[in-house]
Amino acid sequence: MTVHITRHGDASDGGAEAVGGRLSRVDGPAKITGAAKYAVEQQLEGLAYAALVESTVAAGRVRSIDTTDAQAAPGVLLVLTPDNAMPLRTASDWLGTPPPDVPYCPLARDITFSGQHVAAVIAETFEQAVAAAAMVKVTYDETPAIVDLNDPKAGDGFPIEMMTKEWGDANTAFTSAPVRICGAYTTPREYQAPMEPHGLIAHWEGEHLTVWEPSQWLDGMARTYCEWFAIPFENVRLVSPYIGGGFGSKALALAHSAVAALAAKMLDRPVKLVVTRPQTFTAYGGRASTRQTLALGAGSDGKLQSIVHRGVNETSMDGMWVEPLGSVTSIMYATPNFSSRQNVVRVNTVMPGAMRAPGENPSAFGIECAIDELAYEVGIDPLAIRLLNYAEEDPHAKKPWSTRQLREAFAAGAERFGWSKRDPKPRSMRDGNQLIGWGVAAGTYPVRRTYGEAIVRILADGSVEVESSSIDMGQGTYTILAQTAAETVGVPAGDVVVKLGDSRFPRAGVTGGSRLAVVMTGAVYKAATSVLDQLVGLAISDPRSPFHALQANTLVVADGRISSPRGDGPDVSIAELLASIGRDQIEAMGDTMPASATAEERYKTYTTVASSIPHTEGDYSRHSWCAHFIEVRVDEDFGTVRVSRVVSALDSGRLYNPKLAESQWKGGIIMGIGQALLEEGIVDRRHGRIVNNNLADYLVPTNADIPDIEVISVGIPDLHSSVLGGKGVGELAIVGIAPAIANAVFHATGKRVRDLPITLEKLI
Ligand code: MCN
Ligand code: MOS
């Protein structure tokens, strides 16, 4: 039997609760009243507390660890060192590459960075653990460290061939171009600085491990734990109901996670370990520092003839982090000749990691400053030069864009900002001793896609439950999945309960690369459609149903009620229908993987990043786009820079919830302002330590740093990108903010700062 379903309308007639509506965050009340229980807030019987001891040198070897005093300190249960730690197995990386069959110890003897975990103390109370950790005496044989990318010992590193992107003959075309500009652009170490620090509670029951830990990837982290302890995947349960921000840093189980889990096993007690704020700078990596050179060759009209791009990023001594610096360079503008290559340099740091728009973010800083420099060189407007070199198709993949509303973004942003009133001359606009500058830059982020699963269940009382092991770290997953299920089934959003953040629920891949909304709305839509199919099917076919005699092949489900389309039959609530047919629930699984996928393929898909679908798969190149227009005020005497106005126009396709998307975009813009003006991990050149490892010295923007921000959506539904027409939102808006500010600062002052952050000493 085919059942035709009349769906509840969309935002145009469904109000805030439908997909596309401005529903407020459904998790909001729990968060602001304190009812939301974060992972490490669980109260467990017999909980013990762990504190880490970290290396004070950046390179060398641990000579000795004296634990005598620590062991005798009050409340101490265990002082863990490499000598007594239970050996673990090495786990595979996030691609699932089979690991070497060697033991793994999360406490190091060979030191490759300052802040590496060398020992840990577990005690009855947190205070006792911290006090005893300070009594552990470690001595080192220190060797010279390469402290960062600028260390003379660092060298040029080694090439990453897969990052090479080339067409035409870029060097020759650059040499013969009538106009040539060349610049070096650098970005420092930057940190995700989430409000909630990393931590976990590990609890063993026999061979079963439960971990409460903030996580952007429950299934991936569960895999790491099961591999470390050589237990079946099913024996590990990860729980992460709420997350106080991640920004890329909470996707992996890290060394401190292993410390807590193995201590819990050795003590047979639940163990809680939360890193201190200073440890958030070394327990995992922030954004790698980068250096790029850009050589642009153009005609005297400003039309690009060649781009030659070279990039370098730092990585750790024993890990490989590649920050794809050519990602925006290779697609933003049309050029007949192009060359981008990248090296990676090993330095004594914790392995850098993902931070909001890894790759695209520093990449845009290079190309979007360079194109601005070219505009001044040829004497045309910075917005006009971007339109002149507009890429009508993906210049690298040589495929049409799925959708690219960038021209519309430039137009809408410029109009709203008043760009046409700009005097092009640097230092031409002022307000008293404030030099005023207006800058523009574009940004982009690829549409990353994977697969996802979700269960949608209609309960006896007519309410709807959604379950998925995906997560919400503040982006709005709870809310948009409630909207998707509400609209698809036909119930008020208030009757939908979304349960996330438990690895017992249907699987989901990593929440990274701004893909979760697209992936999970797809899975929930699929599950909700099939549960609705079942509901209507039962209503029509079950002899006990009030609709049985109606001989209808379609029914309307809306606002939690079922009726016939002509309004001539019964009109009952979902709860009444379920009662009449004797069902206490119906449920369906939505799975976006091909039905033919094997169990092994599914495991790999959800526990590694190996099976992401390329954004250039098939006939199209899929990306989100944006254009930022920024006003800065630079104090002429002091060189202080303040951002006084931001207008951004963004194309993320169809928005599932404009209120939340706007909030995401504003968050990205605020983070970009911090990157442009404030954020820099400062490395002590003698010991290779991050000196400003706290939020008093590592500056992130506060409300006083942030002006009015206006965001304008210029997206149109993109059905090549997703079932519901949306593209990525979460990372897009940070891309292009720092160059827009650097360009505005140049316009204000005539001074080109190519090294982030733009601090006053660089302007005087
Ligand atoms: N959305 C929408 N319409 C779309 C797509 C998304 O309305 N077409 C809205 C939804 O509210 C959705 C949100 O935007 O929940 C983000 O969706 P998406 O772009 O798919 O990003 P993810 O859900 O995958 O979130 C991850 C992304 C990343 S990779 C980083 S880094 C980041 C970000 O989200 N970290 C964040 N935003 C963050 N926001 C908060 N508060 N905290 C973080 O740590
Ligand atoms: Mo986001 S940096 O991809 O978690």
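Residue numbers run from 1 in the order of the sequence given. Remember, it's 1-based here, ligands and their atoms both numbered in the order they're listed.
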Report every pair formed by an N or O atom of ligand 1 and a protein N or O atom separated by less than 3.5 Å, giving atom names and the distance to 0.1 Å.
| from | atom 1 | to | atom 2 | distance (Å) |
| --- | --- | --- | --- | --- |
| ligand 1 | 3 (N) | Tyr656 | N | 2.9 |
| ligand 1 | 7 (O) | Tyr656 | N | 3.3 |
| ligand 1 | 7 (O) | Asn657 | N | 3.0 |
| ligand 1 | 7 (O) | Asn657 | O | 3.3 |
| ligand 1 | 8 (N) | Arg654 | O | 2.8 |
| ligand 1 | 8 (N) | Lys727 | O | 3.1 |
| ligand 1 | 11 (O) | Gln475 | O | 3.0 |
| ligand 1 | 15 (O) | Gln475 | O | 3.1 |
| ligand 1 | 19 (O) | Val729 | N | 2.7 |
| ligand 1 | 19 (O) | Gly730 | N | 2.8 |
| ligand 1 | 20 (O) | Ser514 | O | 3.4 |
| ligand 1 | 20 (O) | Leu516 | N | 3.4 |
| ligand 1 | 20 (O) | Ala517 | N | 2.9 |
| ligand 1 | 23 (O) | Gln475 | NE2 | 3.0 |
| ligand 1 | 24 (O) | Arg515 | N | 3.1 |
| ligand 1 | 24 (O) | Leu516 | N | 2.8 |
| ligand 1 | 25 (O) | Gln475 | NE2 | 3.1 |
| ligand 1 | 37 (N) | Arg356 | NH2 | 3.4 |
| ligand 1 | 37 (N) | Gln664 | OE1 | 2.7 |
| ligand 1 | 39 (N) | Gln664 | NE2 | 3.1 |
| ligand 1 | 42 (N) | Met473 | O | 3.2 |
| ligand 1 | 44 (O) | Gly246 | N | 2.7 |
| ligand 1 | 44 (O) | Phe247 | N | 2.8 |

Residues lining ligand 2 [heavy-atom distance under 4.0 Å, listed by chain and residue number]: Gln216, Phe247, Gly248, Ala354, Met355, Arg356, Pro358, Thr511, Gly512, Gly513, Glu731
Residue from Arg457, Arg507, Arg504 passing salt bridge (Lys or Arg N to Asp or Glu O under 4.0 Å) with Glu467: Arg457
Side-chain donor-acceptor contact under 3.5 Å, Gln475 with Gln664: no
Sole candidate of Ile670, Val711, Ile669 that passes side-chain contact (heavy atoms from CB on, under 4.5 Å) when paired with Val646: Ile669
Distance-only polar pair, side chains of Ser402 and Asp718, donor-acceptor under 3.5 Å: yes
By ring-ring contact (aromatic ring centres under 6.0 Å, His included) - contacts of His396 (at least two apart): Trp167
Any residue meeting ring-ring contact (aromatic ring centres under 6.0 Å, His included) with Trp401, in chain and number order, not counting sequence neighbours: His623, Trp625
Salt bridge flag under 4.0 Å for residues Arg22 and Glu662: yes
Salt-bridge present (Arg404, Asp394; N to O < 4.0 Å): no
Salt bridge Glu680-Arg189, side-chain N to carboxylate O under 4.0 Å: no
